[in-house]
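A short write-up of the structure that comes next.
A, B, ... follow the sequence lines: proteins, then strands. Residue 1 opens every chain.
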Protein chains: 2
Amino acid sequence: MEETGRTTHTLAALMELRKRILNGDFPGGTRLFEVPLAETLQISRTPIREAMSRLAEEGLLDRLTNGGFVVRSFTLADVLDAIELRGVLEGTAARLAAERSATPAGLERLNHVLLQLDACFGRDANEVDFEAYPNLNAQFHTLLVTLSGSAVLQREIERATRLPFASPSAFLSGRTNIDVFRQSLHVAQEQHRALAAAIASREGTRAEFIAREHARIARRNLEYVMLENPELIISVPGLALLNS
Amino acid sequence: MEETGRTTHTLAALMELRKRILNGDFPGGTRLFEVPLAETLQISRTPIREAMSRLAEEGLLDRLTNGGFVVRSFTLADVLDAIELRGVLEGTAARLAAERSATPAGLERLNHVLLQLDACFGRDANEVDFEAYPNLNAQFHTLLVTLSGSAVLQREIERATRLPFASPSAFLSGRTNIDVFRQSLHVAQEQHRALAAAIASREGTRAEFIAREHARIARRNLEYVMLENPELIISVPGLALLNS
DNA sequence: ATCCGGATGAATGTATACATGGTTCATTAT
DNA sequence: ATAATGAACCATGTATACATTCATCCGGAT
């Protein structure tokens, strides 16, 4: 997200606090005080304030009425809604791509990514290249949004997607390479194909609803983790922040 | 939005800068420098920085890679997209209200606002209480979002709606009380009624698409202003910021 | 002539001292 | 005993001096 090279205290604090919040170090609702944080991170209050301001922008912190910040609380229902919201927004992107903007060149690029994704699957249903898939999947979703041709929509999708558990890659980290998720990828890839086809034939409504359904794979994976395999919670980016 | 009473320099700067940006004092793309602004507003750089940070959160400023802020540029297409986005989000709120959450008590409140809105119309088609309507309309839209039962969605709608020209009240300011807009209110009110009915009968899809179409009234009004009556641009909140 | 390198200046980044405001607790007056 | 008052503390708000960084330009060497 940010450059790893030369950095400022603000960026260091931003990344460190983000990491700790997503790691669940601060339960939702915890108030973050400037002075102790400044002492902990060995910097002054100024960059701390700036970093917290940006974390509020990202949706990880809430501002209190009379100053100060608290860690935002997320329930399971909130995460499900965030995923549903992503589905709605990506669905809109897909619809707009179909209705307005998709050019032959753009469709070509989409199909190119699609073929690379296809190449991730082996003959055995359980054989998936879990190294290459996540990055290509991210490319596909980014490209989809680009093809919508709407800068406003792109911005809002990037925003909504900044909460890690709402990202299209939420269940694709290396640590969640388990059978259930791996098998869901076959369904996901079929949806990718259908999405590209719908956009190519200008079927806006079809594209919109395939994208929504596509996001619901994440919903199913989330429900699986929470209800049937809670020890995986720490493996999914941001889920440690849950409940409070 | 903020309290008008006791205030801090940060809030004063926030409101003043917001006012100037929406007033078109800074063309889109203008970089805002801390030092001159601090001199202009007679305060130090610290609250200026804080205010700009919040304006970036509101979507009125963009952060530059290496520090600093520029006024965000909006084209007509961007504003149209922002309106379409609001339609999609309010549509989702309406659908969720229908599918999940609408209680008899909630529907009761919605119908109550609906009746008050009805009372704004006289027997003559051109006779509308332009004093009472905007506030009631805002109430209706707020209530709709509440009925969705989704805090996440509510938050994002409030965000998307903070750009004044994307707000459901964009064309309802006292200064835009002209025939074309006044007449669109009859259509709008019919859509309000249909929306409430669809939610009450759990017709999620119907509710969703009525809400989308409802937002498109704003689109039509905007196109009317831009193409046929440009001198009205300054009357619509935020539109002065356009084009760049 | 061109390219490299350091000086210069303008802008943001950072630390810190001090101001302010709100909350809590103790003290006093009723 | 209770309510009002105020003092002390704690947290954020603000000003300001200084640091840093990036871009630009000028000068000199090749």
Report summary line: Note: for Asn66(A) and Thr46(B) on DNA chain D, the residue whose nearest nucleotide lies more 5' is Asn66(A)
Query - Cationic N near anionic O, under 4.0 Å, Asp78(B) to Arg155(A) - result: no
Report task. Assign Arg63(A) to base, sugar-phosphate, or nothing according to its heavy-atom contacts below 4.0 angstrom with the strands shown. Result -> nothing
Report task. Could you check if a side-chain atom of Arg216(A) sits within less than 4.5 angstrom of a side-chain atom of Ile83(A), using non-hydrogen atoms only? Result -> no
Requested in this report: Assign Leu32(A) to base, sugar-phosphate, or nothing according to its heavy-atom contacts below 4.0 angstrom with the strands shown.
Outcome: sugar-phosphate
Query raised in the report: Please give, in whole Å, the distance from dA15(D) P to Glu34(B) CD?
Result: 13 Å
**Report entry** Ser148(B) side chain near Thr92(B) side chain, heavy-atom distance below 4.5 Å
**Finding:** no
Query - Spacing of Leu64(B) atom CG relative to dT21(D) atom P, expressed in whole Å - result: 18 Å
Report task. Tell me whether the OP1 or OP2 atom of dA19(D) has a side-chain N or O from His9(A) closer than 4.0 Å. Result -> no
Report task. Report the residue (Arg31(B) or Thr8(A)) whose heavy-atom-nearest nucleotide on DNA chain C is the more 5′ of the two. Result -> Arg31(B)
Query raised in the report: Are side-chain heavy atoms of Leu147(B) and Leu144(B) found at a separation under 4.5 Å?
Result: no
Query raised in the report: In whole Å, what is the span from the CD1 atom of Ile43(A) to the P atom of dG13(C)?
Result: 13 Å
Query raised in the report: DNA chain C: Glu50(A) or Arg45(A), which has the more 5' nearest nucleotide?
Result: Glu50(A)
Report summary line: Here the distance between atom C1' of dG13(C) and atom CZ of Arg54(A), to the nearest Å, is 11 Å
Query raised in the report: Does the base of dG13(C) carry an N or O that pairs as donor and acceptor with the side chain of Arg49(B) under 3.5 Å?
Result: no
**Report entry** Nearest-Å distance for atom pair CE/P, residues Met52(B) and dA11(C)
**Finding:** 12 Å
Query raised in the report: CZ of Phe69(B) versus P of dA11(C): gap in Å, rounded?
Result: 16 Å
